[in-house]
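One structure below.
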Amino acid sequence: MVFDAAANLEYLSKKPIAVTAANATGAIVAPRQAVLSNASRLASYAHFFSATEVTLPTITDVALTPDTPVETFKLGWLWTLSLSFSRYDGDTLTGHVVGTLTGTPPTGEA
C-alpha cells in the first residue's frame, strides 16, 4: 500500500468545506455531522483517502464478440488484469478504481 501526502492534505482541506456547505442546506443528518466534526475521525478518513492499493495481477479470460476488432484481442493470448484502488472516502464510501488489461502472445508468436 502506498500513501500520498498531497492526497491527505487535499482531503483535510476540501472535506470540511464540503461538509459545511452540505450542512448549510440540511443535507447532513446529525449522526453523520457528529462523526465528521470529530478531528481524529477526519484524520483517519484522510489517511485512507491518501492510500493506493494495487492488486496482484490476475490471469483472466477475455470474452470476444463478433464485433470485437481482431487487432484488439487475439485468441490464444494470455490476458492479465491489474487493478488499483485509491481515494477511498470513508464518509461517502466511494473511491477510484483503475484497471489495466495486458495481453501476452503465445510462445513463438510476435
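In this chain, residues are counted from 1 in sequence order.
Both L83 and L101 sit in one connected hydrophobic cluster of ILVMFWY residues. Membership requires side-chain heavy atoms under 4.5 Å apart, directly or through other members. Taking hydrophobic clusters as Ile, Leu, Val, Met, Phe, Trp and Tyr residues chained together by side-chain heavy-atom distances below 4.5 Å, L93 shares a cluster with F85. Two different hydrophobic clusters hold F49 and Y88 under the rule that ILVMFWY side chains link at heavy-atom gaps under 4.5 Å.
Taking the six-membered ring where tryptophan is involved, the planes of Y45 and Y11 are perpendicular, since the angle between them exceeds 60° and thus also 30°. Between W77 and W79, the ring planes are parallel. Angles under 30° get that label, and only those over 60° would be called perpendicular.
Between I59 and L78 the shortest heavy-atom distance is CG2-CD1, 3.4 Å. Minimum interatomic distance between R32 and A27 (heavy atoms only, all atoms of both residues): NH1-O, 4.3 Å. The two atoms that bring L12 and A43 nearest to each other are CD2-CA, 4.2 Å, heavy atoms only. Between N8 and S50, the shortest heavy-atom distance links the atoms N-CB, 3.7 Å. A7 and R87 make their closest contact through CB-NH1, 4.3 Å (heavy atoms, listed as atom of the first residue, atom of the second, distance).
Each of T20, D91, T92 was evaluated against K15; a single residue qualifies, D91, per the side-chain hydrogen bond (donor to acceptor under 3.5 Å, both in side chains) test.
S44 places no side-chain N or O within donor-acceptor distance of the main-chain N or O of S40, the cut-off being under 3.5 Å.
Once rounded to the nearest 0.5 Å, the distance linking CG of D89 with OG1 of T94 reads 5.0 Å.
At a threshold of 4.5 Å between non-hydrogen side-chain atoms, the residues Q33 and V19 count as touching.
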